[in-house]
Amino acid sequence: MTELLVKGGTVYTPDGARKVDVHVIDGVIARVDAGLHVDGARVVDATGLYVLPGGVDVHVHSRDPGFPEKEDFGTLTEAAAAGGVTVVLDMPNTVPAVDSAGVLEAKAALARSRARVDFGLWGLIRSGTTPDQLDGMAGAGAVGFKAYLAYSFSLSRKQVLYSPGTDDPDLEPPADYGTLARLASDVARLGLPLAIHAEDATILAAFRRPLLSYTDLLDSRPPEAEAVAVSAAAAVARDAGAHLHIAHLSSALGLQAAEDAISAGTELTLETCPQFLLLSESDFDQVGHAMKMLPPIRTESDRAALLDGLKRGVITIVSTDHAPHTDEEKSRSFEEAPAGSPGVQTLYLSCLQLAKDMGDVWLAPRWVSEAPARLAGVDRHKAVIAPGFDADLVLVDPKAKTKIASRNMRSRQKRGALEGKEFDFAIRQVFLRGERVDRAGPARGRMIRPAVGVR
Ligand code: NCD
Ligand code: ZN
């Protein structure tokens, strides 16, 4: 039996922040109470620190298997652990893309051999996906299904690609609203979320242009593309009784479409990302290519609307869309540089700052832990500091500052969009099921499987 006692901290509990101690036995929280003493336990002094539930990032791209030069499960989860994220949900656009039970199982085995934190795997919905394939992926433990509207699929490379306007027989057309309508009742039957990359293909086609400047990028991915995709997918999901999840919401117009869909009775969750809450187009001159991502970081009024949506509790989840490429790839011309930026290591710190600036620092664990754990179907044993839950704990110093600097980043792409930002917090220690994971150690990460039908 291994016992741990986290003493003297301010603990975020279901009853709010309390000065209590946390007693952990074999990785599971046993007691949360004041003045605990346990003979033989390893004691961690948390005086002056916050004790928070581990983060759950519902949107990361491990690049593993497929692009080890960009990232792998080892570097991804090292970055996650350093940032207080103890569960990552990996997107299915690895190579081969996760479109069947067999691919999901092979990816799970590989991830298990390298993961420093727990992980879950999303399954892919292609335009060619069958209900049997959904059943298979659910049986293999998928946390949900993701459809990349507007992104085609290379049959020979088994890869999700953004390649509009090409007439290549190797490219299977993107999943569209027809695909969603065909499969939504099966997704509903399986009790898993239906996530979309919300950009409408026809609107993107109408606004395609060479990308010579940041303005071109914004003009090529207008917010209407997001709003139309949200509305159309919501109509389909509502009718089928499926839970729709909008990945990386980026615009005021998209938020309005989502709110309309919620009013109409759609079961819908919204996720946005720190980069959409902290940056806007005017930052491009300073941040550079790390800011190139899709959907793009938009205007100041989009940023304000997203912050407001988060404050009002309409947007419940903050994820990162951690999407690393190599520093060399990101240094190519604006048009050639691939879209995406790392972020998992800075999720918790940036959200603590956003929450503090909104006047309630305890909003942060709701955005990055509680609500994401519900989406992942693991809220019965994670994301709560109470007896019976996994001891995934993050000790945060609210009196120290952290300046985001490439040299401290564990991801393969060092320079993220938040480089240089300073936050009023520092992460001191991170525990996964009662063991430190924020410094070198073994691959202890396990695959999480959603509890289906109990949400
Ligand atoms: C992501 C990637 O590189 O995989 N890129 C991005 O700019 N967000 C794809 C995605 O999440 O849409
Ligand atoms: Zn996406």
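In listed order, ligands and their atoms are each counted from 1. These numbers come from the heavy atoms of this one structure, side chains and all, not from hydrogens, waters or symmetry mates.
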More than 12 heavy atoms of other residues, nucleotides or ligands under 6.0 Å from NZ of K414: is that the case?
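More than 12 heavy atoms, drawn from other residues, nucleotides or ligands, come within 6.0 Å of this atom.
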Taking atom CD of Q286 as the centre, report whether more than 12 heavy atoms of other residues, nucleotides or ligands fall under 6.0 Å from it.
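No - once you tally the heavy atoms of other residues, nucleotides and ligands closer than 6.0 Å, there are 12 at most.
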Charged N-O contact under 4.0 Å between D72 and R412:
yes
K356 bridged to D424 by N-O distance under 4.0 Å:
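The answer is yes: the pair qualifies as a salt bridge.
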Numbered in order shown, the ligand 1 atoms found under 4.0 Å of a heavy atom of D321 are 6 (C), 8 (N), 11 (O)
I'd like to check which ligand 1 atoms, numbered from 1 as shown, lie under 4.0 Å from a non-hydrogen atom of G340.
6 (C), 7 (O)
Tell me, please, if H59 has any N/O/S atom, main chain or side chain, under 2.8 Å from the Zn ion (ligand 2)?
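No, outside the cut-off.
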Any sub-3.5 Å donor-acceptor pair from H59's side-chain atoms to M91's backbone N or O?
no
Within the side chain of D57, is there an N or O that forms a donor-acceptor pair under 3.5 Å with the backbone of V344?
no
Nearest-contact summary for atom 6 (C) of ligand 1 - protein heavy atom, Å:
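Closest protein heavy atom to atom 6 (C) of ligand 1: L294 O, 3.5 Å.
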Nearest-contact summary for atom 5 (N) of ligand 1 - protein heavy atom, Å:
A339 O, 3.4 Å
Which class fits the ring pair Y162 and Y151: parallel under 30°, tilted 30 to 60°, perpendicular over 60°?
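Tilted.
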Where does the angle between the aromatic ring planes of F425 and Y50 fall among parallel (under 30°), tilted (30 to 60°) and perpendicular (over 60°)?
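Correct class here is tilted.
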Contact (N/O only, under 3.5 Å) between N93 and ligand 1
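Yes - when backbone and side-chain N and O of N93 are compared with those of ligand 1, one distance drops under 3.5 Å.
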Ignoring hydrogens, just give me the one of R63, H325, M293 whose non-hydrogen atom is nearest atom 2 (C) of ligand 1.
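That would be R63.
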Out of H197, M91, H61, whose heavy atom sits nearest atom 11 (O) of ligand 1?
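Shortest heavy-atom distance from atom 11 (O) of ligand 1: H61.
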Taking non-hydrogen atoms only, is A323 closer than 4.0 angstrom to ligand 1 via side chain, backbone, both or neither?
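Near ligand 1, A323 shows its side chain, while the N, CA, C and O stay back.
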Should the proximity of K292 to ligand 1, defined as any heavy atom under 4.0 Å, be assigned to the side chain, the backbone, both, or neither?
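For K292, there is no contact with ligand 1 at all, from either part.
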Please give the atom name: the N, O or S atom of H248 nearest to the Zn ion (ligand 2).
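The Zn ion (ligand 2) is closest to the H248 atom NE2, counting only N, O or S.
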Taking the N/O/S atoms of H197 one by one, which is nearest to the Zn ion (ligand 2)?
ND1
